[in-house]
Amino acid sequence: MSARLLLEEMLIKRSQQKKRMSPLNYKERLFVLTQSQLTYYDGRRERKFRRGSIELSRIRCAEIVKNGGEIIPCQNKYPFQVVYDTNTLYVFAPSHDSRSLWVHSLKGEIKDNAVVSAKFHPQFWQEGAWLCCRQVEKQAPGCEEYNLFGDISRKPLPPIPGEEQSKNKKVTDDPTHTHTRAHTHTSVSSFFLLQQRRPPPPLPPEGDDDDKEEEEEVMVALYDFPGTEPHDLSLVKGGEYVILDKCDVNWYKARNQFSEEGYIPSNYITEKTSENLVQFVWYSKQVNRNKAEELLRKEDKEGAFIVRDSSTPGTYTVSLYAKSAPGEGGAAIKHYHIKESQGSPLHFYLAEKHLFSSIPELIEYHKHNAAGLVARLRYPVGKQDKSAPSTAGFSYEKWEINRSELTFMKELGSGQFGVVRLGKWRAQYRVAIKAIREGAMYEEDFIEEAKVMMRLSHPKLVQLYGVCSQQKPIYIVTEFMEHGCLLNFLRQRRGSFSLGSLLSICLDVSEGMEHLEANGFLHRDLASRNCLVNDSLVVKVSDFGMTRYVLDDQYTSSLGAKFPVKWSPPEVFNFCKYSSKSDVWSYGVLMWEVFTEGRMPFEQNQNHEVVTLVTRGHRLYRPKMASPAIYDIMQLSWLERPGDRPSFSQLCLMISDALEGETPPPN
Ligand code: ADP
């Protein structure tokens with residue numbers, strides 16, 4: 001394919017693999033931008049070797065990097081960033097004008113991309129944290145609005161009051177600082193207050209790296225993956241794989257120990273470093289306090305334990321079950337924060353001060369010694385029986401499913417688009433198959449969009465596996481959810497839910513929605529009827545973005561009888577103005593549905609009456625099961641001005657804080 005050359009220049013690239021900041025990680029590369037790709041080469045024009053290439057369609061953000069006073073260890077002092085899939089490429093231009101030209105050209109080329117980010121990180125990812133917002137997760141959502149059409153390069157960063165511009169910047173209580181998940185205090189009463197978070201990790205000594213080009217990145221498989229297409233590489237749980245190309249956010253090209261190469265799902269592997277807890281059976285990342293207690297009680301074994309993320313990001317809790325705890329008169333569950341000693345080097349400890357230099361060493365010790373805990377850590381719970389998560393489609397770049405490979409089983413329900421059946425793909429994988437009724441959908445538009453939707457892969461979103469689009473009726477094939485829709489689930493089990501389990505449902509939904517928000521994708525019809533529940537009682541968001549393909553005026557016009565007025569904010573029922581913040585309003589109504597165990601909102605009112613009521617400032621009442629603090633969260637979602645409503649990442653924190661508060665605080 002020939003594509004027109006747009007720009008070509010020698011720039012400096014920071015290595016993406018290496019963790020340390022060393023001059024040796026900055027390499028001169030010939031960068032070439034065409035209408036389809038950004039490619040960088042080793043060497044000059046005449047004798048160049050291709051080192052890497054990014055398809056422009058995968059780029060989510062191109063922007064300058066604001067320098068907060070960091071030393072730039074190469075001669076080019078004008079950094080910019082190219083965010084693609086889940087990676088960030090840092091490039092250093094020799095002058096302000098060169099950088100502007102690259103950033104503007106890239107922005108011009110990506111402006112129609114489906115994947116453009118709503119937010120981005122204006123400063124570097126460095127030494128395990130984002131310098132701009134101090135979030136410690138590399139995939140943490142951005143902290144500043146991304147403006148594809150503006151130019152931020154001429155505006156310097158405002159100085160942070162009371163602080164020198166230094167390498168080791170600390171977060172301050174500056175109220176102008178962007179709110180982010182890592183440093184926003186989240187109880188509702190202090191919604192707008194910032195909390196001081198952990199200081200940044202110390203910088204390692206410089207210049208001690210070797211000068212290999214790119215280190216090989218080795219990952220460990222968390223699950224078996226059988227590989228369904230010839231271009232796939234099968235994974236064996238616990239096996240090690242070299243990552244060759246992160247060609248897609250969901251699929252990497254990898255090599256196994258026998259030098260076989262192929263595509264693997266990126267959510268089936270994890271980094272092989274001693275700090276990475278995901279590789280250990282005792283660590284369950286996505287388990288909150290309530291779920292941990294449920295799992296431990298179900299197991300009912302002395303010394304059963306789970307290590308999980310605390311509600312404070314970057315810290316961990318051990319939840320431990322003792323069948324006959326002293327002074328408890330029976331079984332008890334204790335939650336112990338893993339504490340960090342002050343000073344350097346860093347040490348970790350649990351109940352008493354037995355210090356360890358890593359969490360795995362600490363766990364190993366307490367497997368043999370209770371040392372102040374209510375029991376020894378005898379029996380890790382949670383992961384060993386956990387089934388593998390869904391993959392984003394059955395294979396890399398496979399969205400068309402061969403209909404002869406589907407078998408149909410029982411009917412699951414029917415909706416706006418047609419009948420949904422349980423089925424199997426290749427006689428093995430259980431799936432839900434939606435057969436689209438003639439005249440119910442803008443099919444061509446949907447099929448085009450399905451490629452984007454398949455890339456939305458998250459444990460709290462119902463996975464789209466693919467479509468059968470070659471014949472009528474077209475089929476939409478998705479993850480099967482054993483317990484069906486959340487609304488019926490709530491109604492059928494009325495009276496049996498604990499507050500923790502209701503909050504846990506809300507948390508699942510907010511996490512799925514946070515992923516949509518981070519990807520700039522709108523749901524447009526969030527409600528409990530559009531969420532599904534699986535056999536592990538995990539709730540996932542379904543049918544996102546699908547209203548755009550409905551061919552039924554009653555459903556799509558805000559005056560139509562099927563329009564979800566009761567879930568819509570004023571800017572939607574008046575002006576059809578959708579945004580992530582209109583999804584937040586619907587989320588508040590969904591919370592209300594959850595806390596009434598499936599009641600109809602505004603039960604006594606017709607849609608047109610609801611429009612009048614809501615416009616006058618009337619809101620849904622506080623459900624009996626919702627505490628005032630939980631009702632406060634709903635009310636924040638129903639603030640009149642969209643900009644005043646919290647984001648989904650803030651909602652996630654509020655709900656997980658509420659969930660932590662449901663049970664006694666950890667020791
Ligand atoms: P539509 O999008 O056509 O309105 P829905 O997605 O609402 O259809 O599906 C109709 C019903 O089918 C749901 O209420 C649910 O009971 C069942 N269903 C849909 N998708 C699944 C699935 N993935 N797993 C299990 N049941 C499902």
Side-chain angles (χ1 to χ4, degrees), residues 17 85-87 128 136-140 216-229 232-258 260-288 291-292 295 299 304-309 316 318-319 358-360 363-364 377 379-396 428-430 455-463 465 479 508 511-512 515 534-536 538 540:
Q17 316 281 10
D85 301 337
T86 54
N87 309 307
V136 293
E137 255 190 63
K138 196 157 186 195
Q139 303 308 335
E216 286 196 326
E217 191 176 4
V218 180
M219 297 252 195
V220 182
L222 294 167
Y223 313 94
D224 289 339
F225 170 66
T228 60
E229 298 295 321
D232 293 335
L233 179 68
S234 295
L235 295 176
V236 179
K237 187 175 165 181
E240 293 185 5
Y241 299 85
V242 176
I243 305 306
L244 304 172
D245 189 8
K246 293 184 175 175
C247 34
D248 180 286
V249 61
N250 301 305
W251 296 92
Y252 294 167
K253 190 157 197 191
R255 186 174 66 225
N256 67 12
Q257 55 176 327
F258 309 110
E260 293 164 328
E261 295 182 4
Y263 294 101
I264 59 169
S266 61
N267 56 338
Y268 276 45
I269 48 169
T270 187
E271 267 181 47
K272 184 184 151 48
T273 59
S274 59
E275 312 95 73
N276 180 7
L277 303 186
V278 178
Q279 58 191 313
F280 297 101
V281 283
W282 36 259
Y283 176 64
S284 291
K285 189 174 170 55
Q286 301 238 305
V287 167
N288 57 46
K291 284 229 165 94
L295 287 167
E299 212 59 55
F305 75 103
I306 290 178
V307 182
R308 60 186 177 84
D309 289 357
Y316 303 94
V318 179
S319 299
S358 72
I359 294 176
I363 299 298
E364 204 47 45
L377 307 181
Y379 183 78
V381 167
K383 229 188 229 164
Q384 57 274 55
D385 52 341
K386 212 164 107 187
S387 51
S390 302
T391 52
F394 290 125
S395 179
Y396 175 55
Q428 193 183 350
Y429 302 90
R430 284 204 302 180
R455 294 167 65 94
L456 290 168
S457 190
H458 185 272
K460 306 297 165 70
L461 294 178
V462 175
Q463 182 64 51
Y465 286 135
E479 176 178 3
D508 285 348
E511 287 172 355
H515 188 73
N534 73 7
D535 64 345
S536 310
V538 174
K540 305 194 185 194

Distance check, rounded to the nearest 0.5 Å: F225 atom CZ versus Y241 atom OH? 11.0 Å

Determine whether F280 and V307 make a side-chain contact, defined as any pair of heavy atoms from C-beta on separated by less than 4.5 Å. no

Contacts of type side-chain contact (heavy atoms from CB on, under 4.5 Å), residue E260, not counting sequence neighbours: L233, N256, F258

So L235 and P265, do their side chains get closer than 4.5 Å, heavy atoms only? yes

Can you confirm whether R308 sits close enough to S319 that some side-chain heavy atom of one is under 4.5 Å from a side-chain heavy atom of the other? yes

Polar side-chain atom of Y268 near backbone of K237 as donor-acceptor pair, under 3.5 Å: no

Minimum-distance pair of heavy atoms, taken over all atoms of S395 and T228: CB-OG1, 3.8 Å

Restricting to side-chain contact (heavy atoms from CB on, under 4.5 Å), what partner residues turn up for E137, sequence neighbours left out? A140, K285

Could you check if a side-chain atom of D508 sits within less than 4.5 angstrom of a side-chain atom of K291, using non-hydrogen atoms only? yes

Would you sort out whether K246 and D85 count as a side-chain contact (heavy atoms from CB on, under 4.5 Å), showing the intermediate values? CA-CA 8 Å; K246 293 184 175 175; D85 301 337; 5.7 Å; no

Listed partners of N534 passing side-chain contact (heavy atoms from CB on, under 4.5 Å), at least two apart: M481, E482, S536, V538, K540

Any side-chain donor-acceptor pair under 3.5 Å between D309 and Y283? yes

Among all residues two or more places apart in sequence or in another chain, which pass the side-chain contact (heavy atoms from CB on, under 4.5 Å) test with D248? N250, W251, Y396, R455

Could you measure the distance from the NE2 atom of H515 to the NE2 atom of H458? Nearest 0.5 Å is fine. 6.0 Å

Atom of F394, atom of T391 and distance for their closest heavy-atom approach: CA-OG1, 4.3 Å

Over all atoms of both residues, closest heavy-atom pair of S457 and Q463: OG-OE1, 3.0 Å

Can you see which heavy atom on P380 is nearest to which on V281, and at what distance? CG-CG2, 4.1 Å

Contact summary for A304 and V381, nearest pair of heavy atoms: CB-CG2, 3.7 Å

Restricting to side-chain hydrogen bond (donor to acceptor under 3.5 Å, both in side chains), what partner residues turn up for Y465, sequence neighbours left out? S390

Non-neighbouring partners of E240 that pass salt bridge (charged side-chain N to carboxylate O under 4.0 Å, His left out), sequence neighbours left out: K272

Would you say L277 and Y316 make side-chain contact, with heavy atoms under 4.5 Å? yes

Picking from V218, I264, V278, what satisfies side-chain contact (heavy atoms from CB on, under 4.5 Å) with I269? I264

How long is the span from the CG atom in L244 to the OH atom in Y252, to the nearest 0.5 Å? 12.5 Å

Would you give the length of the straight line joining atom CZ of R255 to atom CG of D245, rounded to the nearest 0.5 angstrom? 12.5 Å

Is there side-chain contact between D232 and Y263, with heavy atoms separated by less than 4.5 Å? yes

